Amino acid sequence: MNLDDNVGVLIRNADLTITSYVRKHLEPYNLAPEQNLIMRMLWNEDGISSTELVSHLNKDKANIARMIASLEGKGFIKKVDDPSDKRTFKVHLTEEGKRLAHLVEPVQQKMRDTLTKGMTEEEVNELQKLITKIINNIKGDYHS
């Protein structure tokens, strides 16, 4: 069997290639690809709980805690106690984190353009649907 015919291998190779590409383009901004996902969520909605980050990014609590600590150490975010639940906290952007958005968003757009170059909007939408279907198929199989 040719490995290039295996959908799982193809997706893994695409993931590795994309991650390497994203890492290279975010390196000047002191952001790792997964940290960038947290920042993107915060740029869309400041003040997210770590529980929301765990859920949206499909990562475990320890992994999210490490990323939060790293971003906090870089001065991009700060943890603020949740007034409605003292056992938890919300993650907020610092001024530096807000400024970073203006630098990184054009880079993200360029990366999106490169990833989808030569594809129609319909093809991009279909690709997203197919990948989502694969993910849901696997999740459904776990629960069988």
Side-chain angles (χ1 to χ4, degrees), residues 4 6-144:
D4 292 336
N6 183 308
V7 173
V9 172
L10 187 60
I11 291 171
R12 179 183 177 278
N13 289 343
D15 177 50
L16 292 172
T17 303
I18 292 166
T19 300
S20 175
Y21 176 76
V22 170
R23 181 176 290 113
K24 176 182 146 197
H25 283 80
L26 293 178
E27 192 174 31
Y29 306 99
N30 200 17
L31 273 182
E34 289 190 334
Q35 293 172 344
N36 181 53
L37 297 176
I38 290 177
M39 295 303 291
R40 286 179 63 182
M41 287 182 67
L42 291 169
W43 291 329
N44 287 328
E45 180 187 345
D46 198 9
I48 299 174
S49 72
S50 60
T51 306
E52 289 173 281
L53 292 170
V54 166
S55 173
H56 282 75
L57 297 177
N58 200 24
K59 297 282 180 188
D60 61 53
K61 288 180 183 181
N63 199 335
I64 293 294
R66 279 191 296 278
M67 287 192 281
I68 289 171
S70 178
L71 289 168
E72 192 175 29
K74 294 175 183 183
F76 298 150
I77 63 171
K78 60 185 174 193
K79 296 187 291 191
V80 177
D81 289 335
D82 186 345
S84 63
D85 184 352
K86 293 295 182 194
R87 297 168 296 172
T88 64
F89 60 88
K90 300 272 188 180
V91 180
H92 289 271
L93 293 165
T94 62
E95 288 306 314
E96 183 66 22
K98 290 174 186 175
R99 278 193 296 276
L100 187 64
H102 301 294
L103 299 172
V104 173
E105 285 175 349
V107 174
Q108 291 173 335
Q109 184 59 52
K110 180 187 179 297
M111 289 188 292
R112 274 192 297 277
D113 292 346
T114 298
L115 286 173
T116 59
K117 185 169 58 178
M119 294 183 202
T120 65
E121 189 174 331
E122 292 80 21
E123 288 173 324
V124 172
N125 290 335
E126 186 64 22
L127 178 61
Q128 290 172 325
K129 285 179 193 172
L130 292 171
I131 292 172
T132 300
K133 193 177 281 191
I134 289 170
I135 292 166
N136 290 335
N137 287 344
I138 292 169
K139 285 182 178 179
D141 194 51
Y142 280 142
H143 301 295
S144 298

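Note that the coordinates shown come from a computational prediction; the quantities given were computed from them, not determined experimentally.
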Side chain to side chain, [X] and [Y], heavy atoms closer than 4.5 Å:
{"X": "Lys98", "Y": "Asp46", "value": "yes"}
{"X": "Leu130", "Y": "Glu126", "value": "yes"}
{"X": "Ser49", "Y": "Asp82", "value": "no"}
{"X": "Met111", "Y": "Leu26", "value": "yes"}

What are the two closest non-hydrogen atoms of [X] and [Y], and how far apart are they?
{"X": "Leu103", "Y": "Pro106", "result": "O-CD, 3.4 Å"}
{"X": "Leu100", "Y": "Tyr29", "result": "CD1-CB, 4.0 Å"}
{"X": "Met67", "Y": "Ile38", "result": "CB-CD1, 3.6 Å"}
{"X": "Gly97", "Y": "Trp43", "result": "O-NE1, 2.9 Å"}

Fill in: Side-chain donor or acceptor of Thr114 paired with backbone N/O of Lys110 under 3.5 Å
yes

Distance check, rounded to the nearest 0.5 Å: [X] atom [atom1] versus [Y] atom [atom2]?
{"X": "Asp81", "Y": "Lys90", "atom1": "CG", "atom2": "NZ", "answer": "12.0 Å"}
{"X": "Gln35", "Y": "Lys74", "atom1": "CD", "atom2": "NZ", "answer": "3.5 Å"}
{"X": "Thr116", "Y": "Gln128", "atom1": "OG1", "atom2": "CD", "answer": "9.5 Å"}
{"X": "Leu31", "Y": "Asn36", "atom1": "CG", "atom2": "CG", "answer": "5.5 Å"}
{"X": "Asn44", "Y": "Met39", "atom1": "CG", "atom2": "CE", "answer": "11.5 Å"}
{"X": "Leu42", "Y": "Ile77", "atom1": "CG", "atom2": "CD1", "answer": "6.5 Å"}

Discussion item. Does Arg112, at its CZ atom, have more than 12 non-hydrogen atoms belonging to other residues, nucleotides or ligands within less than 6.0 Å?
Written reply: yes

